There are 2 protein chains.
Amino acid sequence: MREPLPRDMFDPACPSSMVPFQIGDKWAGMVLVCLADGPRRFSELRVPMYRVSAKVLTETLRALERDGMISRTAYDEIPPRVEYAITDLGRTLFPAMEACRAWALEYLPAVEQARASYAQRSA
Amino acid sequence: MREPLPRDMFDPACPSSMVPFQIGDKWAGMVLVCLADGPRRFSELRVPMYRVSAKVLTETLRALERDGMISRTAYDEIPPRVEYAITDLGRTLFPAMEACRAWALEYLPAVEQARASYAQRSA
DNA sequence: CTGTATCCGACACGATACTG
DNA sequence: CAGTATCGTGTCGGATACAG
């Protein structure tokens, strides 16, 4: 017997409804990976994430800081130095991220194949 | 000893770089959950996903179909009937989705707390 | 160096009307 | 019923210039 659908996929009582917004951020995962084995400076992060503008990287870092995923430490020096570090809470995301990574590794070829087949059928 | 950062987080050779786009879709996960225990019609899906317009739901379904996550079956009847079903490939996403769900369940309270603390500090 | 301010274009999305 | 077409709006994000 098939269950009826839930009435409301956006029910605030269901924490999963927040998943797309909470851990679905486009660049947050990359930042966390970059911080995995030690604090990094803003300019250090800009290198591997060169496709993201300074503005968006800043916004991403602020959001991660606000949510307790990373910490921001500004040193009173000239020139200024700021270091971002992942928090314990931030590290708790790694298992879920690893699950996503493992999925991509295993099934991306199948997805490519499905896309090719779909393009074929559409043509 | 700390590893140097990767040079390019967007390296196409790394399947993980596709994760934000492949499984980071805002509504795809909800659709798959809705299809978990049987095929559903378009209008059935609209109910729990009432915040998503027909246009966007259609786009989401098309993308999922293109990627081989769901199948679309149109019956030649009047009035028309179309059924969407999850594929075996689509089901392979569930473990990763479950990992995200479990994370949200466990750590969302900590995030809320971090947000409150951040708001406090900013005030 | 680590950002912020401003402008602007592209695109995502909803609302509405319409079709087979 | 299951969409598509069109339009208007809002947000995302890059580029550039500038500040502390």
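To find a chain, count down the sequence lines: A is the first, B the second, and so on, and within it residues start at 1. The structure presented is a predicted model; accordingly, all values stated were derived computationally and were not measured.
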Can you figure out which of C:dA15, C:dC1, C:dG3 approaches the side chain of A:R72 most closely?
-> C:dG3
When the distance from CD1 of A:I78 to C1' of C:dT2 is rounded to whole Å, what number comes out?
-> 13 Å
When all nucleic acid strands are considered with a 4.0 Å heavy-atom cut-off, which category describes A:Y75: base, sugar-phosphate, or nothing?
-> nothing
Decide if atom CD of A:Q120 counts as having more than 12 heavy atoms of other residues, nucleotides or ligands within a radius under 6.0 Å.
-> no
Contacts of A:K55 and A:E83 projected onto DNA chain C by closest heavy atom; the upstream (5') one is A:E83
Between B:D67 and A:R115, is any pair of side-chain heavy atoms under 4.5 Å apart?
-> yes
Return the value, rounded to whole Å, for the distance between atom CE of A:M49 and atom P of C:dT2.
-> 15 Å
Please output the side-chain donor-acceptor pairs of residues 25-37 of chain A that fall under 3.5 Å, not counting sequence neighbours, one pair per line with the distance.
{"unit_1": "A:D25", "atom_1": "OD1", "unit_2": "A:W27", "atom_2": "N", "d": "2.9"}
{"unit_1": "A:D25", "atom_1": "OD1", "unit_2": "A:A28", "atom_2": "N", "d": "2.9"}
{"unit_1": "A:D37", "atom_1": "OD1", "unit_2": "A:R40", "atom_2": "NH2", "d": "3.4"}

Provide, to the nearest angstrom, the distance between the CZ atom belonging to A:R62 and the P atom belonging to C:dG3.
-> 5 Å
Could you please name the option among C:dT4, C:dG14, C:dC13 that lies closest to any side-chain atom of B:K26?
-> C:dC13
Interface limits on DNA chain D, where chain A has a heavy atom under 4.0 Å of a nucleotide atom | D:dG13 to D:dG20
To the nearest Å, how far apart are A:F42 CZ and C:dG3 C1'?
-> 6 Å
Flag the pair B:D8 / A:P48 as yes when at least one side-chain heavy-atom distance between them is below 4.5 Å, and no otherwise.
-> no
With a 4.5 Å limit on heavy-atom distance, are the side chains of B:R46 and B:E44 in contact?
-> no
In terms of the nearest nucleotide of DNA chain D, which residue is placed more toward the 5' end: A:R51 or A:P80?
-> A:R51
Nucleotide nearest B:V52 (side chain, heavy atoms from C-beta), chosen from C:dC1, C:dG14, C:dG3 | C:dG14
For B:T87 and B:G68, indicate whether the former's side chain and the latter's backbone hold a donor-acceptor pair under 3.5 Å.
-> yes
For the residue pair A:Y84 and A:F42, does the interplanar ring angle fall in the parallel (under 30°), tilted (30 to 60°) or perpendicular (over 60°) class?
-> tilted
Whole angstrom value for the distance that separates C1' of C:dT2 from CZ of A:R46 | 10 Å
